[in-house]
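Below is one structure, written out as structure tokens, with a few remarks after it.
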Amino acid sequence: MSGIVHHLIEQYGLIAVFLGCVAEGESAAILGGFFAHQHVFVLWQTFLAAFLGAFVGDTGFFTLGRSFADHPYVKRLRRRPGFRRAYRLLNTHPNIFVLTNRYIYGMRLVGGIAAGLSTVSVPRFVILNAISSAAWAVLFSGIGYVFGLGAEQLVGQAFARHERLLIALAVGVVVAIVAWLVGRHFAGRERAKEQAGS
């Protein structure tokens, strides 16, 4: 069983990191960095997969806002908590907003749509998004890599390689659940603020 898991991770893991980073993908980037430390992935390939996923995801959200502003899906997203605040911040500090939006949990989708609806030009967004995505990929993949160093010290090098991979999967699931719970908490607080301000 663990051999099959190991094979699947080696074959499709970087694709999973890419796809995970298209969405709110901190846990995917961290897990990718952990697997790079375990020599399942090459570290620069992990950085590249995380960067491309982040860049493609944010550019896609921007394109949705820019080209499909009247689509019912985009209109629904505009009613999500935090949209008005994101749009205000975007109009007062556009460069800072585009550079930092992806670091605010739960705001990435809303922020990307808001950027597409704003006056930020496409070339400006692409350049700022590339810088932000690169820094984000290095940061979160690096956290996973450093975590791998710490975990190896903690559990020792006696574990078989496939056992470390199973531990990494368990850690990834826990990180994803914690991130989801934290995101829900902050989204609930943001929704309460939006309703209080209405």
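Smallest separation of non-hydrogen atoms from Leu64 and Tyr73: CD1-CE2, 4.0 Å. Here the closest heavy-atom approach between residue Phe125 and residue Ala115 is recorded as CE1-CB, 4.0 Å. Closest heavy-atom contact between Val17 and Phe41: CG2-CE1, 4.2 Å. Residues Leu43 and Ala36 come closest through the heavy atom pair CD1-CB, 3.7 Å. For the pair Val110 and Phe83, the tightest heavy-atom approach, listed with the atom from each and the gap, is CG1-CA, 3.3 Å.
Side-chain atoms of Arg66 come within 3.5 Å of backbone atoms of Ser118 as a donor-acceptor pair (strictly under, hydrogens ignored). Checked by atom type and distance alone, the side chain of Asn91 pairs as donor or acceptor with a backbone atom of Tyr87 at under 3.5 Å. Looking at Ser141, its side chain never comes within 3.5 Å of a backbone N or O of Gly33 through a donor-acceptor pair. Formation of a donor-acceptor pair under 3.5 Å by the Thr92 side chain with backbone atoms of Leu89 is found in this model.
His39 and His37 have parallel rings, their planes meeting at less than 30° on a 0 to 90° scale where 60° marks the start of perpendicular.
For the side-chain contact (heavy atoms from CB on, under 4.5 Å) test, residues two or more places apart in sequence or in another chain that qualify with His93 are Ile96. When the side chain to side chain donor-acceptor pair (under 3.5 Å) test is applied to Asp58, the partners found at least two apart in sequence or on another chain are Arg102, Arg108.
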Give the C-alpha distance, both sets of side-chain angles, the deciding distance and a yes or no for side-chain contact (heavy atoms from CB on, under 4.5 Å) between Trp136 and Tyr103. CA-CA 8 Å; Trp136 181 89; Tyr103 296 91; 3.5 Å; yes
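Enclosure of atom CZ in Phe68 is not indicated, since only 12 or fewer non-hydrogen atoms of other residues, nucleotides or ligands lie within 6.0 angstrom.
Expressed to the nearest 0.5 Å, how far CG of Leu128 lies from CZ of Phe62 amounts to 10.5 Å.
No side-chain heavy atom of Asn95 sits under 4.5 Å from any side-chain heavy atom of Val120. Looking at Arg124 and Pro94, their side chains come closer than 4.5 Å, going by heavy atoms from C-beta outward.
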